[in-house]
Asker: 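I have a structure I would like to understand better, so I am pasting it below and will then ask my questions one at a time.
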Amino acid sequence: MTKEIRIEERPLAHVAEMFRVVSFGARLEDAHCLRVRRALQESGAVVVGESRNDDGRYQVACLTVSSDDGIDTLRTTVAPLLSDETGIAVVPTALLGEGTKLLIMDVDSTLIKQEVIELLAAHAGREAEVAAVTESAMRGELDFAQSLHARVAVLAGLTEGVIDDVGTRIELSEGAEHLVAAFLDAGHVVAVVSGGFSQILEPLAARLNLTHAKANELGVDAGTLTGSVIGPVVDRAEKARCLRAWSEAAGIPLERTVAVGDGANDLDMLAAAGLGVAFNAKPAVRSAADVAVNFPYLDVVRHFVRL
């Protein structure tokens with residue numbers, strides 16, 4: 001007689017992973033750092049490393065932790081400690097190890113301080129009107145492509161020279177140049193994808209030695225802006241597509257990518273990346289991103305990953 005042996009199936013135990021928990025702000029109180037450490041330890045995470053950094057503009061406190069509960073649990077654990085003054089990033093394992101990484105950023109109000117379409121519209125005396133539409137589009141209240149065509153239409157008849165004028169007025173966000181250089185110097189890929197305009201972006205991309213750059217192209221005829229965009233609009237779906245295409249071309253898994261943006265047009269890109277960062281973003285974008293940076297220093301992003 002054959003005896004049936006029944007084996008009880010048990011769920012596999014989680015394997016502990018390493019994460020980086022980064023607190024940042026203009027000033028970090030010791031009490032905040034202690035609360036973060038205590039919350040993590042009470043959740044079962046083990047702190048295995050710690051560092052602090054203060055460059056005079058902002059302060060950063062990094063905890064390296066081991067946990068078998070997963071990143072969602074860690075983010076839930078530290079969420080009550082977030083405030084308008086202090087942000088916390090919980091960074092996944094893939095961004096802390098070896099291997100090439102990809103940093104991809106939006107341009108207007110992220111890599112640079114301004115919205116280029118508004119600077120161009122000022123030459124047509126329509127800045128306030130265009131700014132209102134831009135705000136609505138970035139909040140996700142309007143279809144981006146439709147709103148872009150409407151805003152670009154007001155530029156019809158301007159001389160091509162306004163593009164050069166606007167180019168001289170572009171200001172990089174605080175720390176942007178440092179952030180780009182840090183990633184490139186470490187051998188990583190840095191890309192930007194913009195709902196703005198290639199005529200503005202291309203000189204900027206060359207100046208920063210960016211690996212990839214893509215934006216919309218303004219129509220120009222006989223030295224005059226036509227008020228149109230040539231080809232398909234770079235919208236939220238195209239931004240995410242660029243992220244996937246550029247990471248695949250470089251042999252970089254999506255888990256080792258970081259995306260940074262501020263508006264609804266960036267949501268798909270932030271969701272697709274290994275770490276999605278909202279930079280001085282609209283409320284809907286802040287709530288959807290993995291981490292929100294609510295101060296002007298873009299280079300804090302370099303503390304989130306291993307370079």
Side-chain angles (χ1 to χ4, degrees), residues 89 91-112 116 144-145 148 170 172-173 175-217 229-279 281 285 288-291 293 298-302 304-307:
V91 182
T93 307
L95 288 168
L96 306 180
E98 301 286 350
T100 306
K101 301 172 181 72
L102 183 148
L103 170 66
I104 184 169
M105 293 179 284
D106 174 43
V107 177
D108 293 22
S109 298
T110 300
L111 181 67
I112 66 174
V116 168
F144 181 81
L148 181 67
I170 294 300
L172 290 168
S173 292
E177 201 157 6
H178 187 191
L179 174 63
V180 170
F183 268 77
L184 291 177
D185 290 348
H188 303 303
V189 174
V190 181
V192 295
V193 58
S194 174
F197 309 110
S198 58
Q199 289 95 330
I200 295 292
L201 180 55
E202 288 172 0
L204 188 61
R207 168 186 164 188
L208 296 175
N209 295 311
L210 299 179
T211 316
H212 302 286
K214 182 169 184 177
N216 299 298
E217 183 179 356
V229 174
I230 297 175
V233 167
V234 176
D235 58 9
R236 58 190 287 177
E238 178 61 13
K239 288 190 172 191
R241 191 201 67 79
C242 287
L243 165 61
R244 292 188 175 93
W246 291 337
S247 61
E248 182 179 359
I252 300 171
L254 287 175
E255 290 78 12
R256 293 208 306 263
T257 65
V258 179
V260 188
D262 73 300
N265 202 35
D266 301 310
L267 283 170
D268 291 2
M269 178 176 75
L270 299 187
L275 186 72
V277 180
F279 181 68
V285 182
D290 298 316
V291 52
V293 175
L298 185 61
D299 58 319
V300 72
V301 174
R302 67 190 172 91
F304 298 166
V305 304
R306 177 179 177 180
L307 294 179

Asker: Tell me, do T211 and L102 make a side-chain contact under 4.5 Å, heavy atoms counted?
Answerer: no
Asker: For the residue pair C242 and K214, what are the closest heavy atoms and their distance?
Answerer: SG-CD, 3.8 Å
Asker: For residues V116 and V107, determine if any side-chain heavy atom of one lies less than 4.5 Å from a side-chain heavy atom of the other.
Answerer: no
Asker: Given side-chain contact (heavy atoms from CB on, under 4.5 Å), test L210 with V180 step by step and report yes or no.
Answerer: CA-CA 8 Å; L210 299 179; V180 170; 3.8 Å; yes
Asker: What is the minimum heavy-atom distance between E98 and R306, and which atoms define it?
Answerer: OE2-NH2, 2.8 Å
Asker: For A176 versus L172, what's the shortest heavy-atom pair and its separation?
Answerer: CB-CB, 4.2 Å
Asker: Measuring from L254:CG to E248:CD, what's the distance to the nearest 0.5 Å?
Answerer: 9.0 Å
Asker: Indicate yes or no: at least one non-hydrogen side-chain atom of L103 is less than 4.5 angstrom from one of V260.
Answerer: yes
Asker: Are any non-hydrogen side-chain atoms of V301 and M105 less than 4.5 angstrom apart?
Answerer: no
Asker: With respect to V277, which candidate in D290, D262, V285, V291 satisfies the side chain to side chain contact (heavy atoms under 4.5 Å, CB included) definition?
Answerer: V291
Asker: Looking only at non-hydrogen atoms, find the nearest pair between L201 and A213 and report the distance.
Answerer: CD2-CB, 3.9 Å
Asker: Should L148 and F197 count as side-chain neighbours, where that means a heavy-atom distance under 4.5 Å?
Answerer: yes
Asker: What heavy-atom pair brings L298 and T110 nearest, and what distance separates the two atoms?
Answerer: CD2-O, 3.7 Å
Asker: Given side-chain contact (heavy atoms from CB on, under 4.5 Å), test D266 with F279 step by step and report yes or no.
Answerer: CA-CA 11 Å; D266 301 310; F279 181 68; over 6 Å; no
Asker: Kindly compute the distance separating CD1 (I200) from CG (N216), expressed to the nearest 0.5 Å.
Answerer: 12.5 Å
Asker: Please name the residue in the list L270, V193, T257 that meets the side chain to side chain contact (heavy atoms under 4.5 Å, CB included) test with L243.
Answerer: T257
Asker: Check the pair L204, V192 against side-chain contact (heavy atoms from CB on, under 4.5 Å), reporting the backbone distance first and the verdict last.
Answerer: CA-CA 10 Å; L204 188 61; V192 295; over 6 Å; no
Asker: To the nearest 0.5 Å, what is the distance between CH2 (W246) and CZ (R241)?
Answerer: 8.0 Å
Asker: Contact between V293 and F304 at the side-chain level, heavy atoms closer than 4.5 Å - yes or no?
Answerer: yes
Asker: side-chain contact (heavy atoms from CB on, under 4.5 Å) for I104 and K239? Distances and angles first, verdict last.
Answerer: CA-CA 9 Å; I104 184 169; K239 288 190 172 191; over 6 Å; no
Asker: How close do D106 and S194 get, counting heavy atoms only, and between which atoms?
Answerer: OD1-CA, 4.4 Å
Asker: Pair up each side-chain donor or acceptor in residues 230-237 with any protein partner under 3.5 Å, not counting sequence neighbours, and list the distances.
Answerer:
unit_1, atom_1, unit_2, atom_2, d
D235, OD1, A237, N, 3.3
D235, OD1, E238, N, 3.0
R236, NE, D268, OD1, 3.1
R236, NH2, D268, OD1, 2.9

Asker: Side chains of L208 and V190: does their closest heavy-atom pair fall under 4.5 Å?
Answerer: no
Asker: Does the side chain of K101 reach to within under 4.5 Å of the side chain of L95, using non-hydrogen atoms?
Answerer: yes
Asker: Counting distance only, does the side-chain N/O of R256 pair as donor-acceptor with the main-chain N or O of G274 below 3.5 Å?
Answerer: no
